[in-house]
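As a basis for the values below, the full set of heavy atoms in this structure was taken, side chains included, without hydrogen atoms, waters or symmetry mates. This is a predicted model, so every value here is computed, not measured. Both ligands and their constituent atoms are indexed starting at 1 by order of listing.
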Amino acid sequence: MKKGAAVAEETLVIGCHLSCSKGYAQMARDAASIGANTFQFFTRNPRGGKAKPIDPADIALYHQLAAEAGIQTIVAHAPYTLNLCAANPDTRQFAIDTMADDLLRMESTPHQLYNFHPGSHVKQGPEEGIRLIVDGLNQVLAPEQTTTVLLETMAGKGTEMGRSFEELAAIIDGVELNDHLGVCLDTCHIWDGGYNVAALDDVLEEFDRVVGLDRLKAVHLNDSKNPLGAAKDRHELIGDGHIGFEALSAVTRHPALRHLPFNLETPNETLDGYAREIAALRAAWA
Ligand code: FE
Ligand code: FE
Ligand code: ZN
C-alpha cells in the first residue's frame with residue numbers, strides 16, 4: 001500500500017489452489033470469479049518438469065487484474081516431488097536447482113510467498129534429514145531475494161520431515177539467511193500429525209514457544225478425512241471431515257491468524273465448490 005493511503009477495511013484473505021496452466025492473468029480472473037483475494041499455484045508441473053517462461057505481458061495484465069480483485073498476497077507452491085533431503089545426490093541437486101530457478105522467476109511478482117515440502121529423509125533418519133534440508137536452503141537462498149520461502153507443516157506420512165514444530169524450528173535455526181524463511185501451517189497436515197486444531201489456543205501456544213508466531217506467514221485450510229494423529233494426509237472439504245467447519249472457521253478468526261492468507265486445497269472438482277467454501281467461511285468471519 002502507498003504511504004498515506006487509507007487503511008483498507010479488514011477482510012478475510014482467502015482463496016484456493018488454482019491451475020497455473022493458462023498463466024498469471026487467468027489465475028487472477030479465476031480468483032476474482034470465486035470471491036478469492038489470494039490464491040496458490042504450482043510454479044511448474046507438480047511432478048517437476050520444465051517451467052513455462054514468464055511472459056512479461058501476462059505479468060503486466062496480472063498486476064492490473066490483481067489490483068482490481070484486491071489480491072495482494074499469492075503463494076507459489078514448489079513441485080511436491082522435490083526432496084532436499086533425498087539420499088541420492090542427483091535428486092537433491094535437482095531440488096536445489098529447481099528451487100533456485102523458481103525463486104528467480106518469483107522476482108517477476110516480488111515480495112510473495114514460496115511454499116515447499118521440507119522432504120522425506122527416507123532411511124537416513126530425521127537428524128540427517130534436517131542437516132540436508134539446511135544445507136540445501138543455504139544453497140538456494142540469496143541475500144537480495146524478496147520472496148519469503150515457507151516450510152509447510154507436514155502430516156508425517158512415511159519418513160516425511162516437518163511433522164513436528166521442533167523439526168521446523170531446527171531447520172530454520174540452521175539456515176544462515178533465515179530472515180527469508182517462514183512457515184505455512186496446513187490444518188489437515190498438523191491434525192494428521194497429532195496437533196488438535198480444535199484446541200487451537202494450545203496448538204498456537206506450542207507453535208509460538210517452539211517456532212515463534214512471527215514465522216507463520218500462510219495457512220492451508222483443509223479438513224481431514226482421518227482422525228487426529230492418523231499421519232495420513234488425505235484432505236477433505238471444509239466441514240465434511242474430522243476437523244469440522246467450526247474449528248476451521250475458528251482458525252480464520254483467531255486474533256493471531258486472521259490477517260494471514262488462507263488457501264483451500266480441498267477436493268473440489270470445479271471452481272464453484274471453492275466459491276461455496278469461500279462464501280461460507282467469509283460469512284462466518286464477518
Ligand atoms: Fe503442500
Ligand atoms: Fe498443504
Ligand atoms: Zn496434504
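- Aromatic rings from His17 and Phe42 are positioned such that their centres are separated by under 6.0 Å.
- Scored by the side chain to side chain contact (heavy atoms under 4.5 Å, CB included) test, Ala155 finds Glu160, His189, Asp192, Asp233 as partners (sequence neighbours excluded).
- Taking the Zn ion (ligand 3) as the apex, the angle formed with NE2 of His189 and NE2 of His235 is 110°, to the nearest 10 degrees.
- Any protein N/O/S atom under 2.8 Å from the Fe ion (ligand 1) was counted, giving 3 altogether.
- Every ring-ring contact (aromatic ring centres under 6.0 Å, His included) that Tyr62 has, sequence neighbours left out, goes to Tyr24.
- Using a 4.0 Å cut-off between a side-chain N of Lys or Arg and a carboxylate O of Asp or Glu, Asp240 and Lys225 do not qualify as a salt bridge.
- Side-chain contact check for Gln145 and Glu107: no donor-acceptor pair (N or O, by modelled atom type) lies under 3.5 Å.
- At a cut-off of 3.5 Å, with distance as the only test, no side-chain donor of Thr91 or Asn83 sits close to an acceptor on the other residue.
- Taking backbone and side chain together, Asp233 holds an N, O or S atom under 2.8 Å from the Zn ion (ligand 3).
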Donor-acceptor pairs under 3.5 Å, side chain of residues 200-209 to any protein atom, not counting sequence neighbours: which ones?
| from | atom 1 | to | atom 2 | distance (Å) |
| --- | --- | --- | --- | --- |
| Asp201 | OD1 | His254 | NE2 | 2.8 |
| Asp208 | OD1 | Leu213 | N | 2.8 |

